[in-house]
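Report on one structure; see the data block that follows.
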Amino acid sequence: MAPSPTGFFHVGSARTALYNWLFAQHNKGKFILRVEDTDVERSSEDMIKVVLEGMAWLGMGQYEGPYYQSKRMDIYKKHIEKLIKEGKAYYCYCNPQDLKKERQAAYEKKEDWKYDRRCLNLSKAERAEKEKSNTPKAVRFLVPDHGVTYKDIVYGEISRDSKDIEDFIIQRANGTPTYNLACVVDDYEMEITHVIRGADHITNTPKQILLYEALNLQKPEFAHLPLILGKDKSKLSKRHGAVSLREYQEKGFLPDALVNYLALLGWSPGDDQEIFIRNGKLDKDMLANRFMLDRVNSANAVFDITKLEWMNQQYIMQLSHPEFKQLLKPFIIKSGLMTAQDIEGNSDWIQKVCDLMQPRLKTLSDIDKNGRFFFKDDFTYEHDTLKKHLDKETLHIMQKLLQVIKEIHPFDDAGEIEIKLRDYGSDNNLKVKQWIHPLRVYVTGCAGGPPLFDTLQLIGKERCVKRINNILKEYGRLND
RNA sequence: GGCGCCAUCGUCUAGUGGCCUAGGACAUCGCUCUCUCAAGGCGAAGAUCACGGGUUCAAAUCCCGUUGGCGCUACCA
C-alpha cells in the first residue's frame, strides 16, 4: 500500500486492499500491510494515517504490520550493491532534467525514446572525472536481452520484449531505492506468495521479474485487478466526483455496503448472489469463502454510484433500530437539525423519527433532504405539489380540518389522531385523498413521506397547526 | 508515437464449443400493495455477444486481422 501523496484514500486502493484481504482470508493466509514510502518527498505521517483509518473503517483493521519501507533502507542497499558488483546494474550520472528534455523532444516527434546506456559505456577516464566532480549518480538496472513472459492469475499469459524495457532506475541519486526494487526485495523477504494489485502495474511486472531473476530470488504469483473507471471510462479520478473513502463516509455510506459493492466491482461469485448479508450485517466470512482470484474479471469496470446507493439502502434497512439511530446521530448534528444535547434530551422522539426514516434513506446524509420537516420549520415546500392543493375547496376543507386537529388532545397517539381525522372525513362525506394529501403537503412540504399520522404526531400539534395556518393565511385570500 | 491489456443490455456481470431464440442485478417504464413515498411482489423494455475473416457438424465461447477504449511509457507507486 502506498501512502497517497494527494492525501486521500482512493476507492480503487480500497478495493485492492479488500481483494488482498479476501484472498488472505479465503486461504487462511496472513494479511500484511506494508507502506511503500521509498519516496520521502511524497510520504508523510498524515497520508499514512488516512490509509490506516480507512482500513479500520472498512473493517480490515487487523493486519500484520504496518511495515515501512523507509525504515528498511539498508536491506535494499545490500541488494543494490550486489547487483552492481555482479555487473547487473550500473551507475548513471546523467542529469534527470536533460533526460526529460530528450524524452519530451522525442515524444513530440512521435518517436520512441529509451535510455541509451550512455553511462554504461563510459570510459574509465570519463567515469573518473564524473566521480571527481562529485556528479550525483543514480543506479540503473542493466536489462538483460531476453524477454519476459509470466502467467497472471487474472490476465493469463503476459509477455514483454526486453527491447521494450529500458534500463530503469533502481536507486535514486539521493540513495533511496525505487518502488520496483524495494517491492521485489520486500516481497521476497516477507515471503509474499501473491502480489495482487491494480492493472496499472502490469507493465511494471516484467521489470520486477527481471529483478527477481537477477537477484536469484523466488518469485511470487501475480494477479492484476481491472481498473475502476469513471463515467467517461477513464481511470477513476477526482474529476469524476467522489473518489476518496472519506467522502463516502461523510455522505453516509455504510462501510459494509461499500465493501459489498466494491467486492462486486470486478469480481462475481459466479451465481446470482449480490448481497452478502447475514443477521443484518455484511458477512465478510461468507464473502471471503466465496472469493476466488480466478473469478476476477479482466475488463475494466465503471463505478456506478447509483448501484452503490441502492446497496447502501439495502444495508441501512437491515440495521436494528437502535443501531440506525446511533449511526444517524452525527448526520443530524452535522446538518444542524439538532444539537447533541437536544438529541440526548429527546431520545424517544428521535428514535421514532429514525424508525420512520430508516427505510427511506439511500445515504445517512439524506436525512437533511428527506426528513428536515421533523426538526425544523425552514424546510422547503415542493412548489408544484403545493400548488395542486391550493384550490378553494381544498383550502376550505383544510380550514375545517385545522379545527379538528386543534381539538385533539392529547396529541400523542398516531392511532387516535387517525381515528379523529378519518371520522371527520367520513362524517362530512370527504374522500380520503381530498384531505390526506393536502394535509401532508401543508405540514411536511412533500408529496410523499412516512405514514402521515405518525408524522403528524411526531411533529406535534402546535407545529402542525402553525404550518397549516401559514398556508391558509398565505394562499387563502388569494383564492377567494 | 512505442509497448501492453481489454471488448456480452446505459452500468456491474453470468456464460470456458451444443443447455443461449444470451441469465441475473442496478437504473428506466408499467402494474400491484398503500394515506403518499420508500421497501416488497409481478411484468415490460433493453445486447445483430465491437466489426471482418477463419477453425468446427456446431462459436458469445477457439484462432487471425481490423476498429475502439484504457493503461504504462518518471530518480511516483
Side-chain angles (χ1 to χ4, degrees), chain A residues 1-5 13 36-39 41-43 92 94-96 99-100 103 106-114 136-140 152 155-156 158-161 163-166 168-180 182-183 197-206 224 226-227 229 231 233-235 261 264-275 295 297-311 313-314 317 356-362 370 385 418 421-422 432-433 435-437 439-441 444 446-453 455:
Chain A
M1 178 78 55
S4 161
S13 312
E36 317 214 288
D37 56 348
T38 58
D39 190 344
E41 284 167 27
R42 297 167 75 100
S43 312
C92 174
C94 296
N95 181 311
L99 259 24
K100 199 172 172 183
R103 192 180 295 117
Y107 184 79
E108 271 156 35
K109 279 190 277 175
K110 304 232 180 253
E111 276 167 16
D112 193 16
W113 189 91
K114 222 174 75 181
K137 57 182 179 188
V139 177
R140 280 183 191 274
D152 192 283
Y155 285 90
I158 290 181
S159 44
R160 212 167 157 208
D161 209 314
K163 73 172 189 331
D164 297 320
I165 308 175
E166 75 169 349
F168 55 95
I169 303 245
I170 55 177
Q171 184 176 77
R172 301 184 184 88
N174 69 7
T176 58
T178 57
Y179 163 73
N180 278 313
C183 80
R197 66 201 353 172
D200 44 353
H201 283 283
I202 284 180
T203 40
N204 272 327
T205 308
H224 287 93
L227 262 16
L229 272 24
K231 265 204 156 43
K233 309 237 178 181
S234 66
K235 199 158 99 172
Y261 176 74
L264 257 21
L265 202 60
W267 169 82
S268 89
D271 58 21
D272 291 340
Q273 186 173 13
E274 297 220 318
I275 302 251
R295 290 207 53 86
N297 200 157
S298 53
N300 293 168
V302 174
F303 191 88
D304 182 9
I305 188 83
T306 315
K307 185 155 183 179
L308 207 211
E309 282 171 347
W310 165 78
M311 191 158 292
Q313 185 172 20
Q314 296 296 313
M317 288 189 301
L356 292 183
M357 292 311 291
Q358 184 170 357
R360 280 165 252 267
L361 299 183
K362 287 195 195 304
N370 299 354
T385 310
E418 176 164 9
L421 290 174
R422 280 190 192 278
V432 177
K433 55 194 303 201
W435 56 272
I436 205 160
H437 296 309
L439 182 52
R440 176 188 295 284
V441 182
T444 71
C446 310
L452 182 60
F453 306 103
T455 304

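First the proteins, then the strands, lettered A, B, ... as listed; each starts at 1.
Out of B:C70, B:U36, B:G2, the shortest distance to the side chain of A:Asp164 is found at B:G2. Of all nucleotides listed (B:C3, B:A27, B:C12), B:A27 comes nearest to the side chain of A:Thr306. Comparing B:A74, B:C35, B:U11 by their nearest atom to the side chain of A:Val302 picks out B:U11. The A:Ser268 side chain lies nearest to B:U13 when the options are B:C35, B:U13, B:C76. You'll find that the side chain of A:Tyr155 is closest to B:C5, out of B:C12, B:C5, B:U13. Considering only side-chain atoms of A:Asp39, the nucleotide from B:C35, B:A77, B:C26 that sits closest is B:A77. Closest to the side chain of A:Leu227, out of B:C76, B:G71, B:A38, is B:G71. Side-chain atoms of A:Ala299 lie closest to B:C6 of the nucleotides B:U13, B:A77, B:C6.
Across every strand in view, B:G17 sits unpaired, with no contact that passes the Watson-Crick or G-U test at under 3.5 angstrom. Remark: B:A25 base-pairs with B:U11. Criterion, Watson-Crick or G-U wobble with two distances under 3.5 Å. Pair check for B:G30 finds B:C42; Watson-Crick or G-U wobble, both atom distances under 3.5 Å. As the counterpart of B:C51, B:G65 is assigned, both hydrogen-bonding distances of the Watson-Crick or G-U wobble pattern falling under 3.5 Å. The base-pairing partner of B:G4, taking Watson-Crick or G-U wobble contacts with both distances under 3.5 Å, is B:C70.
Put simply, A:Ser159 has no side-chain N or O that comes within less than 4.0 Å of OP1 or OP2 on B:G4. Residue A:Thr203 has no polar side-chain atom (N or O) positioned under 4.0 Å from OP1 or OP2 of B:G71. Between A:Arg172 and B:A77, a side-chain N or O to OP1/OP2 separation shorter than 4.0 Å is present. Between A:Gln314 and B:A38 there is no side-chain N or O to OP1 or OP2 distance below 4.0 Å. Of the side-chain N and O atoms in A:Asn204, none sit less than 4.0 angstrom from OP1 or OP2 of B:G71. Applying the 4.0 Å criterion to OP1 and OP2 of B:G15, one finds that A:Arg295 has a side-chain N or O inside that range. Listed pair A:Lys233 / B:G71 fails the phosphate criterion, with no side-chain N or O lying under 4.0 Å from OP1 or OP2.
Using a 3.5 Å distance cut-off with no hydrogens or angles, the side chains of A:Asn180 and A:Thr178 do not pair a donor with an acceptor. No donor-acceptor contact under 3.5 angstrom links the side chains of A:Arg440 and A:Thr385, judged on distance only. Donor-acceptor pairing under 3.5 Å is recorded for the side chains of A:Thr176 and A:Arg172.
When heavy atoms are screened at a 4.0 angstrom cut-off, A:Pro206 is found touching no nucleic acid atom at all. Using a 4.0 Å heavy-atom criterion, one finds that A:Lys235 contacts the sugar-phosphate atoms exclusively. When heavy atoms are screened at a 4.0 angstrom cut-off, A:Ala301 is found touching the sugar-phosphate backbone but no base atom. A:Thr176 comes within 4.0 angstrom of no nucleic acid atom, judged by non-hydrogen atoms across all strands. Using a 4.0 Å heavy-atom criterion, one finds that A:Arg440 contacts the bases of the nucleic acid, with or without backbone contacts as well. Counting non-hydrogen atoms under 4.0 angstrom, A:Gly266 reaches the backbone sugars and phosphates but no base. Using a 4.0 Å heavy-atom criterion, one finds that A:Arg103 contacts the sugar-phosphate atoms exclusively. Across all strands, A:Leu264 comes closer than 4.0 Å only to sugar-phosphate atoms, never to a base (heavy-atom distances). Across all strands shown, A:Cys92 has no heavy atoms under 4.0 Å from either base or sugar-phosphate atoms. Residue A:Gly449 is classed as a base contact, given a heavy-atom separation below 4.0 Å to a base.
Counting to the nearest Å, the P atom of B:U11 and the CG atom of A:Asp304 are 10 Å from each other. We find that CD of A:Glu108 is positioned 18 Å from P of B:U73, with the value rounded to whole Å. If you take NE2 of A:His201 and P of B:C70, they are 20 Å apart, rounded to a whole angstrom. Here B:C76 presents its C1' atom at 15 Å from CZ of A:Phe168, a figure rounded to the nearest Å. Regarding A:His437, its NE2 atom lies at a distance of 13 Å from the P atom of B:U34, rounded to whole Å. Here B:G71 presents its P atom at 16 Å from CZ of A:Arg160, a figure rounded to the nearest Å. Rounded to an integer number of Å, the gap from A:Trp310 CH2 to B:G40 P is 8 Å. If you measure from atom CG of A:Leu308 to atom C1' of B:A25, you get 14 Å, rounded to the nearest angstrom.
Put simply, the side chain of A:Leu264 does not reach to within 4.5 Å of the side chain of A:Lys307, judged on heavy atoms. Side-chain contact between A:Pro269 and A:Arg295 is absent, with no heavy-atom pair separated by less than 4.5 Å. Looking at A:Pro451 and A:Glu418, their side chains never come closer than 4.5 Å, going by heavy atoms from C-beta outward. Side-chain contact between A:Pro226 and A:Trp267 is absent, with no heavy-atom pair separated by less than 4.5 Å.
Aromatic ring pairs are classed by plane angle as parallel below 30°, tilted from 30° to 60° and perpendicular above 60°; the pair A:Phe303 and A:Tyr261 is perpendicular.
Comparing the P positions of B:U36 and B:A14 gives a spacing of 40 Å, expressed to the nearest Å. Taking atom P in both B:A22 and B:C57, one finds a spacing of 26 Å when rounded to whole Å.
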